[in-house]
Structure formats: C-alpha cells, structure tokens
Amino acid sequence: MIVVLAGAPGAGKGTHAARVAEVLDVPHVSTGDLLRGAVDSGTELGKKAESYMKGGELVPDDIMLSLVAGLLDSPEWERGVVLDGFPRTLPQAHGFDALLKERGRPLGRVLLFDLSEEAAVDRLSSRMWCPKDSSIYNLKTNPPATDGVCDVCGGPLERRADDEPETIRARFVEFRSATGPMIDYYKDLGVLTRVSTEGPIEDVSRRVREAAERLTAGDGVGDGR
Ligand code: AMP
C-alpha cells in the first residue's frame with residue numbers, strides 16, 4: 001500500500017512515520033532526509049536542492065518528481081511505501097497521480113497530521129535530531145536519555161538548519177500556500193484521513209497507530225471533511 005503523510009512542519013510526520021510503516025509492513029521514506037543526505041554527500045541532486053532548503057523554500061516540483069519516479073521503480077517500494085513529505089504541492093500530487101497511473105498502482109491513503117501552528121512552532125523550536133540515523137527528539141516532550149546523545153546510535157544530536165526561527169516562519173508560509181491546495185485536492189478525492197497530533201506524545205502515538213491499523217483493515221475512510 002502507498003500511503004502519503006502530509007502535515008505542517010512540526011506536525012509529527014517524521015516522528016510517527018516509522019510507526020505507520022511498521023504497521024503496514026512497508027519502508028518509510030522521508031524526501032527531506034533523502035535531500036539532506038544528497039546535500040551532505042554533494043551529489044548533483046544535493047547541489048540543485050541545497051539553496052532552496054537552506055531558505056526554507058520547496059525544491060522545484062520537476063526535481064522532486066524525477067526523484068520519486070526513480071524510486072517508484074525500485075524493488076524496495078514494490079510492496080508499498082509510507083511517504084513522508086511528498087507530494088507537497090498540487091503539481092506534485094498531479095504528477096504523482098500520473099506516475100502511479102502509468103504503473104497501475106493505486107494511492108492507498110493520505111494521512112493528514114493535524115496540529116495548530118502555535119503548537120507546531122513550539123515543537124520545532126525544541127526539536128533535535130540525529131544526522132546519522134534521523135531519529136527525532138524533543139527537549140521538552142521526548143528528550144534523549146543522555147543530553148545531546150542519540151538513544152539509537154550514540155551519535156551527537158544537532159538542531160536542524162531549517163529549524164531556525166526565520167526558516168520555520170518561511171516553511172509555514174510555504175505550507176499554507178503550496179501544500180494547502182494539495183490537501184483540498186486529496187480531500188475532494190475522498191482519500192484524506194485527518195489524525196490530530198495535538199497533545200502528549202503517547203496519545204498521539206496511539207492515534208497514529210490506530211489510524212494505520214484501520215488502513216490495514218481496509219477501512220481507510222476517515223473524518224477528512
Ligand atoms: P522536511 O524534512 O520534510 O521538513 O523537508 C526539509 C526540506 O526539504 C523542505 O523544507 C524542502 O526544502 C525540501 N523538501 C522535502 N520534501 C519536499 C517536496 N516534496 N517538495 C519540495 N521540497 C521538499
């Protein structure tokens with residue numbers, strides 16, 4: 001099953017994507033992580049994406065669509081995938097539809113992680129991440145066992161370059177103008193399920209797991225209106 005995770009910056013896509021993927025038994029892929037990896041290793045893709053990412057802007061749609069087109073044909077995605085952060089604009093959603101149609105593959109569901117902007121900004125300001133394995137922590141609500149150290153790999157935690165206050169604001173403007181129309185599109189298609197990510201992490205984890213379990217039971221119809 002192909003599942004798309006959508007949501008404002010800080011809504012919890014990165015934190016909960018792995019759980020959704022685990023329940024569905026498919027890989028999870030964050031286009032943000034793929035791009036950050038490409039920037040770090042200085043690939044052609046990374047060189048093209050870097051300046052957009054630093055300013056909190058979206059990478060152009062044609063670059064994103066060719067990245068995903070290549071991955072759609074990889075054996076790892078054969079049984080499905082949980083996509084965190086793609087599509088993110090209406091043209092990407094249309095392009096993705098076309099890629100899936102060409103391959104005769106259906107879009108399973110779009111899960112919209114729903115969080116107020118105020119709560120999201122608060123979360124992003126205290127977010128830390130591990131650049132080695134992409135684990136995400138929150139200094140207030142989900143701190144690592146040892147200060148500044150990743151629980152999973154023991155590597156040093158960092159603040160993401162695009163979690164600086166100026167960049168956070170730019171990402172929100174971008175989300176409303178570019179991703180808003182995509183969400184309306186999926187809502188009109190009847191494939192959107194809203195999951196509130198407001199509140200303590202344990203409650204959010206439970207709601208996300210339940211939403212994913214409903215997908216495996218074939219009951220994808222949510223309260224997307
Ligand atoms: P994320 O980790 O999902 O917040 O993504 C970090 C950054 O990567 C974004 O601010 C964009 O610059 C870029 N990015 C990730 N996914 C996409 C996408 N689907 N379309 C355009 N840019 C993207």
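One-based numbering, in listed order, for ligands and for the atoms of each.
A cation-pi contact links Arg36 to Trp129, judged by a cut-off of 6.0 Å to the six-membered ring centre and 45° from its axis.
In this structure, Asp147 places its CG atom where only 12 or fewer heavy-atom neighbours from other residues, nucleotides or ligands lie under 6.0 Å away. Taking a 6.0 Å sphere around CZ of Arg207, one finds it holds more than 12 heavy atoms contributed by other residues, nucleotides or ligands.
Within the structure, the closest approach of Lys13 to ligand 1 does not fall below 4.0 Å when heavy atoms are considered. Residue contacts with ligand 1 leave out Glu174, since none of its heavy atoms falls under 4.0 Å from the ligand.
Compare Arg88, Met53, Arg171, Gln92 by their heavy atoms: the one nearest to atom 5 (O) of ligand 1 is in Arg88.
Ion pairing between Lys54 and Glu50 holds under the 4.0 Å rule for side-chain N and carboxylate O. We find that Glu210 and Arg206 are joined by a salt bridge, their nearest charged nitrogen and carboxylate oxygen being less than 4.0 Å apart. For the pair Arg79 and Asp25, the salt-bridge criterion is met [side-chain N within less than 4.0 Å of a carboxylate O].
Interatomic distance, Thr15 OG1 to Asn142 CG, rounded to the nearest 0.5 Å: 7.0 Å.
In Leu58, the parts holding a heavy atom less than 4.0 Å from any atom of ligand 1 are both the side chain and the backbone. Counting heavy atoms under 4.0 Å from ligand 1, residue Glu50 does not touch it at all.
Closest protein heavy atom to atom 23 (C) of ligand 1: Leu35 CD1, 4.0 Å. Atom 22 (N) of ligand 1 has its closest protein heavy atom at Val59 N, 3.0 Å. Ranking protein heavy atoms by distance to atom 12 (O) of ligand 1, first place goes to Glu57 O, 2.6 Å. Annotation: atom 19 (N) of ligand 1 to nearest protein heavy atom, Gly85 O, 2.8 Å. In this structure, atom 16 (N) of ligand 1 lies nearest to the protein heavy atom Thr31 OG1, 2.9 Å.
Not one N or O of Phe86 is nearer than 3.5 Å to an N or O of ligand 1, by distance alone. For a threshold of 3.5 Å applied to N or O pairs, the pair formed by Arg36 and ligand 1 contains at least one separation below that value.
In terms of modelled atom types and a separation under 3.5 Å, the side chain of Glu174 and the main chain of Ala170 share no donor-acceptor contact.
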